**Q** 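One structure coming up, written as structure tokens, with questions to follow.
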Amino acid sequence: METPLRRDDPRLQIITGAIERLIPGSTPAFLNVQLTETFPLSARASVNTWTGTPAGVAERVFTALYGRPREETVTSPLAQAEAAKRNRDLLGELSVLMSAGQDLESAPWYPCRPGDLVHVHHNAVGDVPLIPAFGETYVVGDAGDGLLSMMLLAHSLPEGTEHAESMVGCFAVEAVDCPVYDLWFEAGPRRLTVVRDGEVVHGTPARRESRRVTAWDKLAVKTLAAAIGQAEQYLERGEPELALARLRSDKPLPPCGAPGVMPEHADCARPSGHGGAHSPDADHVEPPHECPKLPEQLHAVLTVGAKVTDVHLAGLYEDQEAAADHAMGFHTLRSELDQLTERFVKPAFGLPGEMVLTLPKENQIQATGVQLAVVVPLQILPDPREDDQDGYDYDDTGDDYDVWDDE
């Protein structure tokens with residue numbers, strides 16, 4: 001199995017960029033490279049073609065020039081030095097540290113300048129991960145006396161991450177000769193990006209290739225829009241079952257096709273899965289569903305404890321006998337229920353249709369348990385807001401005496 005190319009190899013990126021710039025101002029995600037072989041002198045026209053992406057052509061050129069590189073885990077100079085130290089390779093440890101220092105000092109952008117932005121990427125830690133991948137951005141400043149500072153400007157570590165205080169801003173320095181020295185060795189050059197005067201002077205900016213919109217994508221969007229539109233029509237007509245069926249289907253619902261009652265009658269043209277009667281009219285709709293109206297009166301079962309500290313709503317019934325059966329379950333002498341209800345539940349004086357529950361005195365009927373269980377009839381009242389809609393619309397912003405103004 002072939003080892004994939006490292007996409008961040010600068011040589012591969014240079015080759016890819018050179019191919020993409022053959023068409024100035026083009027969008028790389030929309031480019032294709034086509035190679036054509038023709039035989040003009042043959043008896044019949046013969047054409048051979050090869051088509052690929054700029055990245056595919058660049059990969060072939062790169063492999064022909066440098067060979068296919070092996071995928072290697074990039075580690076920081078400090079990690080390489082520690083690995084050499086564990087292997088008791090003193091010469092290798094010194095070589096890694098000296099080489100990393102020489103690479104830093106020989107960089108064309110070295111030394112740092114006030115105003116430089118330094119961004120470092122930290123990999124995730126753990127499989128969960130325990131610490132997610134995040135980045136930090138520092139700004140280099142003038143500390144005076146030829147020294148430089150580097151202060152944390154922003155970071156992308158999510159809020160609530162454990163031990164976030166000890167991980168963010170640990171590379172900030174107040175006054176040193178080279179503020180990126182620790183970052184260069186501990187994080188590694190490949191995780192650093194240095195921006196100077198708005199341009200990247202070290203590191204490679206992340207590239208996000210735009211996805212090419214294909215004919216299949218356009219067809220999928222068109223199909224989804226049609227399904228949503230037809231589902232809305234079904235919902236407006238009061239046919240939710242057809243709306244659900246249309247959303248589950250990738251094509252319009254076929255006609256029902258049920259044969260007519262008589263041979264001369266046409267087949268049912270309503271969508272398959274419809275409710276109600278069949279009809280040759282495809283737009284036929286059954287009468288809209290009407291919710292049942294509330295009853296004029298409900299019956300509440302109320303219980304009161306021996307201490308008479310609260311009233312418990314035990315149930316609400318439309319049928320009076322069902323409420324009475326529930327209330328009798330709280331009494332040892334069930335024959336007393338009618339007397340108790342008549343005694344403690346009475347119509348409210350001066351308020352037609354309303355009821356009043358008179359609570360008994362503590363331990364008046366029994367010392368423990370439920371002292372009283374009664375059935376309270378409750379009249380269903382109309383919505384008072386409906387009366388407001390039929391009334392007059394008064395304008396409270398004007399003068400109360402404007403109606404008398406002859407002007």
Side-chain angles (χ1 to χ4, degrees), residues 1-38 47-77 80 99-100 102-113 115-124 133-140 153-154 156 180 183-184 187-218:
M1 177 175 146
E2 284 187 314
T3 304
L5 285 169
R6 291 211 325 265
R7 302 299 174 187
D8 58 350
D9 191 296
R11 296 172 296 179
L12 179 60
Q13 293 176 355
I14 292 173
I15 298 173
T16 305
I19 298 174
E20 293 173 347
R21 286 191 294 271
L22 290 174
I23 301 179
S26 62
T27 303
F30 298 155
L31 288 177
N32 282 309
V33 179
Q34 184 173 10
L35 187 64
T36 304
E37 179 187 22
T38 59
V47 178
N48 296 324
T49 61
W50 179 91
T51 303
T53 62
V57 177
E59 181 175 333
R60 289 173 177 263
V61 175
F62 184 95
T63 304
L65 291 175
Y66 310 107
R68 195 168 187 86
R70 298 178 58 188
E71 184 75 14
E72 297 178 356
T73 303
V74 179
T75 58
S76 64
Q80 297 177 31
S99 177
Q102 292 175 357
D103 292 342
L104 174 60
E105 296 176 359
S106 61
W109 52 270
Y110 183 87
C112 292
R113 300 177 188 175
D116 287 354
L117 295 178
V118 181
H119 182 81
V120 57
H121 169 76
H122 301 282
N123 290 337
F134 70 101
E136 292 180 292
T137 301
Y138 295 85
V139 58
V140 178
L153 186 62
S156 60
V180 298
L183 271 175
W184 186 270
R190 300 186 67 85
R191 295 187 186 176
L192 294 184
T193 302
V194 181
V195 179
R196 176 174 297 166
D197 299 333
E199 295 184 356
V200 177
V201 295
H202 174 78
T204 303
R207 298 176 57 191
R208 180 176 296 176
E209 296 183 356
S210 58
R211 182 176 178 270
R212 183 179 180 182
V213 179
T214 65
W216 288 106
D217 297 328
K218 296 179 181 179

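As the structure is a prediction and not an experimental result, all values here were calculated from the model.
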**Q** Looking at every heavy atom in both Pro77 and Trp184, which two are closest together, and how far apart are they?
**A**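 Minimum heavy-atom contact is CD-O, 3.5 Å.
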**Q** Check whether more than 12 heavy atoms from other residues, nucleotides or ligands sit under 6.0 Å from atom CD of Gln34, and answer yes or no.
**A**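 Atom CD in Gln34 is crowded, with more than 12 foreign heavy atoms closer than 6.0 Å.
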**Q** Between the main-chain N or O of Glu136 and the side-chain N or O of His122, is there a donor-acceptor pair closer than 3.5 Å?
**A**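 Between the backbone of Glu136 and the side chain of His122 there is no qualifying donor-acceptor contact (under 3.5 Å).
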**Q** With a 4.5 Å heavy-atom cut-off, do Val180 and Leu104 have their side chains touching?
**A**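 A side-chain contact exists here, since the closest heavy-atom pair is under 4.5 Å.
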**Q** Give, for atom CG of Asp197 and atom CG of Leu117, the distance between the pair rounded to the nearest 0.5 Å.
**A**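 If I round to the nearest 0.5 Å, the distance is 10.0 Å.
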**Q** Hey, are the side chains of Trp50 and Val57 touching, using non-hydrogen atoms and a 4.5 Å cut-off?
**A**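 Result yes, sub-4.5 Å side-chain heavy-atom pair found.
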**Q** Going from CD on Glu199 to CZ on Arg196, what distance comes out if it is rounded to the nearest 0.5 angstrom?
**A**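 Here the interatomic distance stands at 11.0 Å.
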**Q** Taking it one step at a time, do Thr53 and Asn32 satisfy side chain to side chain contact (heavy atoms under 4.5 Å, CB included)?
**A** CA-CA 5 Å; Thr53 62; Asn32 282 309; 4.1 Å; yes
**Q** Ala58 and Ile19: which non-hydrogen atoms are nearest, and at how many Å?
**A**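 Closest heavy-atom pair between Ala58 and Ile19: N-CD1, 3.8 Å.
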**Q** Between Tyr138 and Val120, is any pair of side-chain heavy atoms under 4.5 Å apart?
**A**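 Side chain of Tyr138 against side chain of Val120, heavy atoms only: contact under 4.5 Å found.
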**Q** Can you find a pair of side-chain heavy atoms, one from Arg191 and one from Ser76, that are under 4.5 Å apart?
**A**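 The answer is no, as the side chains (C-beta and beyond) never meet within the 4.5 Å cut-off.
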**Q** For Thr137, enumerate each residue passing the side chain to side chain contact (heavy atoms under 4.5 Å, CB included) test, keeping only those at least two apart in sequence or located in another chain.
**A**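 Listed in chain order: His119, Leu153.
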**Q** Using only atom types and a distance under 3.5 Å, with no angle test, would you say the side chain of Thr16 pairs donor to acceptor with the backbone of Ala55?
**A**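 It does not hold such a pair.
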**Q** Who passes salt bridge (Lys or Arg N to Asp or Glu O under 4.0 Å) against Arg21, sequence neighbours left out?
**A**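 In terms of salt bridge (Lys or Arg N to Asp or Glu O under 4.0 Å), with neighbours along the sequence ignored, Arg21 is linked to no residue.
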**Q** Which distance, rounded to the nearest 0.5 Å, do you find between the CZ of Arg60 and the CG of Leu65?
**A**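 It comes to 14.0 Å.
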